[in-house]
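Keep in mind that what you see is a predicted model, and the values were worked out from it rather than measured. We number each residue from 1, following the sequence as shown.
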Amino acid sequence: MSALLSLAAPAQELTLRTVQQASSTVKYDPDGGPLKPGLCLEILHAVERQDAGLHFTGLDQQVPLKRVERLLADGLIDAFFCLLKSPEREKQWRYAPVALYIVRHVVVQRADDPRNPDSLAQLAALSRRKPVLVMRGTALARRLVAANVAVAEVSSEREALQMLVMGRADAIYGQDINLQRHVAQSKLGDKLRFGRTVFQEEPQFLALRADLPAAHEERLTQALRKLEKDGTLRQLADKYR
């Protein structure tokens, strides 16, 4: 009887510290309203619904990506939805094992540009005339530079799209889910096109401070596995594409 009572008991309360990422409206959109508050914020709330004892504080703070990384590395936040993995990052914090959604690396070009770079080598050749635009503060530029692609870092997708339309650049390299949204919002779809090649696919994960107790990680992982199994993670990702 005592075992049955323990199974029926409510989940133990657990509150974890986090923040929102600024200037990343696909992840966190303060102007998106309740219908589209941002993909990562919706995943966070889905985790809270899946495990009624789990709560997150700090969502009133919006900080740039570099500060998110410092907060995680210094253990000043417990978890962050969502981050890509990299060897440098994995030295500073951990990741829950469930992929939250997939981002694809693509290029955007002007609609009248007949060139179709199908490899990083071809993109490097294209960049000899004008550097390829990439978002500042992301890991995208490092991969391009390693492949001898000349890059120019810009502060936002909106700025990049304006430069592309004005002819100040010939290509933008970025994440499909971000670029699709900004192209649609800018109403420049008739002037721009997406390249036919996916240069890389990368999953986004829940990042965790290095010394987060293993029991907390397991609890988060179990909630995410249930959301993966019932299709919630896929449905949320599709909503933002």
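- Annotation: side chain of Gln12 is in contact with side chain of Arg219 (closest heavy-atom distance under 4.5 Å).
- Hydrophobic cluster membership is shared by Ile177 and Phe205, with clusters built from Ile, Leu, Val, Met, Phe, Trp and Tyr side chains linked at under 4.5 angstrom.
- Residues Leu126 and Val107 form no side-chain contact, since every pair of their non-hydrogen atoms from C-beta on lies 4.5 Å or further apart.
- A continuous path of hydrophobic side-chain contacts links Tyr28 to Tyr101 [ILVMFWY only; heavy atoms under 4.5 Å].
- Rounding to the nearest 0.5 angstrom, the gap separating the CG atom in Leu16 from the CG atom in Leu220 is 5.5 Å.
- Salt bridge annotation for Arg234-Asp238: present, with a cationic side-chain nitrogen under 4.0 angstrom from a carboxylate oxygen.
- Listed here is the closest heavy atom pair of Gln204 and Leu84: OE1-N, 3.4 Å.
- For the atom pair OG (Ser24) and CG (Leu65), the distance works out to 8.0 Å, reported to the nearest 0.5 Å.
- Applying the salt bridge (charged side-chain N to carboxylate O under 4.0 Å, His left out) criterion to Lys191, with sequence neighbours excluded, gives no partner residue.
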Discussion item. Would Gln175 and His105 count as a side chain to side chain donor-acceptor pair (under 3.5 Å) here? Give the steps.
Written reply: CA-CA 5 Å; Gln175 299 174 352; His105 294 193; 5.1 Å; no

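- Contacts of Phe199 classified as ring-ring contact (aromatic ring centres under 6.0 Å, His included), with partners at least two apart in sequence or in another chain: Tyr173.
- Leu206 and Ala79 make their closest contact through CD1-CB, 3.9 Å (heavy atoms, listed as atom of the first residue, atom of the second, distance).
- Residues passing the ring-ring contact (aromatic ring centres under 6.0 Å, His included) test with His182, sequence neighbours excluded: none.
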Worksheet entry | Intermediate values then yes/no, side chain to side chain contact (heavy atoms under 4.5 Å, CB included), Leu83 and Leu72 | CA-CA 11 Å; Leu83 282 181; Leu72 265 175; 3.7 Å; yes

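- Closest of all the heavy-atom pairs between Arg225 and Pro97 is NH2-CG, 3.6 Å.
- Formation of a donor-acceptor pair under 3.5 Å by the Asp29 side chain with backbone atoms of Asp31 is found in this model.
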Fill in: Test side chain to side chain contact (heavy atoms under 4.5 Å, CB included) applied to Arg115 and Asp170, step by step
CA-CA 10 Å; Arg115 296 170 294 180; Asp170 292 331; 3.3 Å; yes

Worksheet item: Do Arg241 and Asp176 pass the salt bridge (charged side-chain N to carboxylate O under 4.0 Å, His left out) test, and can you show the C-alpha distance, the side-chain angles, and the key distance before you say yes or no?
Response: CA-CA 8 Å; Arg241 292 195 184 279; Asp176 62 333; 2.8 Å; yes

Practice prompt. Kindly indicate, with the supporting measurements, whether the criterion side chain to side chain contact (heavy atoms under 4.5 Å, CB included) is fulfilled by Gln62 and Gln21.
Written response: CA-CA 5 Å; Gln62 295 184 6; Gln21 182 179 334; over 6 Å; no

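- Contact of the Arg17 side chain with the Arg209 side chain is registered, since non-hydrogen atoms from C-beta on lie closer than 4.5 Å.
- When side chains are defined from C-beta on, Asp51 does not count as touching Val47, because their heavy atoms never get closer than 4.5 Å.
- For the pairing with Asn116, the side chain to side chain donor-acceptor pair (under 3.5 Å) check across Gln122, Arg193, Gln109 returns one residue only, Arg193.
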Please tabulate, for the side chains in residues 153-161, all donor-acceptor contacts under 3.5 angstrom to protein atoms that are two or more places apart in sequence or on a different chain.
{"from": "Ser155", "atom 1": "OG", "to": "Glu159", "atom 2": "OE1", "distance (Å)": "2.6"}
{"from": "Ser156", "atom 1": "OG", "to": "Glu159", "atom 2": "N", "distance (Å)": "3.1"}
{"from": "Glu159", "atom 1": "OE1", "to": "Ser155", "atom 2": "N", "distance (Å)": "3.2"}

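- For Phe56, the ring-ring contact (aromatic ring centres under 6.0 Å, His included) partners two or more places apart in sequence, or in a different chain, are Phe81.
- Between Ile172 and Val132, every side-chain heavy-atom pair lies at or beyond the 4.5 Å cut-off.
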Discussion item. Run the side chain to side chain contact (heavy atoms under 4.5 Å, CB included) test on Asp78 and Leu208 for me, step by step, so that the C-alpha distance in whole Å, both residues' side-chain angles and the decisive distance to 0.1 Å come before the verdict.
Written reply: CA-CA 6 Å; Asp78 302 306; Leu208 308 168; over 6 Å; no

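- Under the 4.5 Å side-chain contact rule for hydrophobic residues, Leu140 and Val108 do not share a cluster.
- Although no hydrogens or angles enter the test, the distance criterion places no donor-acceptor pair under 3.5 Å between the side chain of Lys27 and the main chain of Gln20.
- The hydrophobic cluster containing Val198 also contains Val183, counting ILVMFWY residues as joined when their side-chain heavy atoms lie under 4.5 angstrom apart, directly or transitively.
- From Ile77, atom CD1 reaches atom CG of Leu212 across 11.0 Å, with rounding to the nearest 0.5 Å.
- Rounded to the nearest 0.5 Å, atoms CD (Glu88) and CD (Glu69) are 10.0 Å apart.
- The two residues Arg110 and Val165 come nearest to each other via the heavy atoms CD-O, 4.3 Å.
- Counting all heavy atoms, side chain and backbone alike, Ala22 lies closest to Pro64 at CB-N, 4.0 Å.
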Donor-acceptor pairs under 3.5 Å, side chain of residues 33-43 to any protein atom, not counting sequence neighbours: which ones?
{"from": "Lys36", "atom 1": "NZ", "to": "Lys239", "atom 2": "O", "distance (Å)": "3.2"}
{"from": "Glu42", "atom 1": "OE1", "to": "Lys239", "atom 2": "NZ", "distance (Å)": "3.4"}
{"from": "Glu42", "atom 1": "OE2", "to": "Lys239", "atom 2": "NZ", "distance (Å)": "2.8"}
{"from": "Glu42", "atom 1": "OE2", "to": "Tyr240", "atom 2": "OH", "distance (Å)": "2.6"}

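- Listed here is the closest heavy atom pair of Ala141 and Val151: CB-CG2, 4.5 Å.
- Around the CZ atom of Arg168, the shell of radius 6.0 Å holds no more than 12 heavy atoms that belong to other residues, nucleotides or ligands.
- Residues Leu120 and Leu144 meet the side-chain proximity criterion, which asks for heavy atoms closer than 4.5 Å.
- Between His55 and Glu48, the closest side-chain pair of non-hydrogen atoms falls below 4.5 Å.
- A donor-acceptor contact closer than 3.5 angstrom is absent between the side chains of Gln200 and Arg104.
- Residue Thr15 holds its OG1 atom at 8.5 Å from CG of Leu54, rounded to the nearest 0.5 Å.
- Of the inter-residue distances, the one linking Glu90 atom CD with Gln92 atom CD reads 11.0 Å to the nearest 0.5 angstrom.
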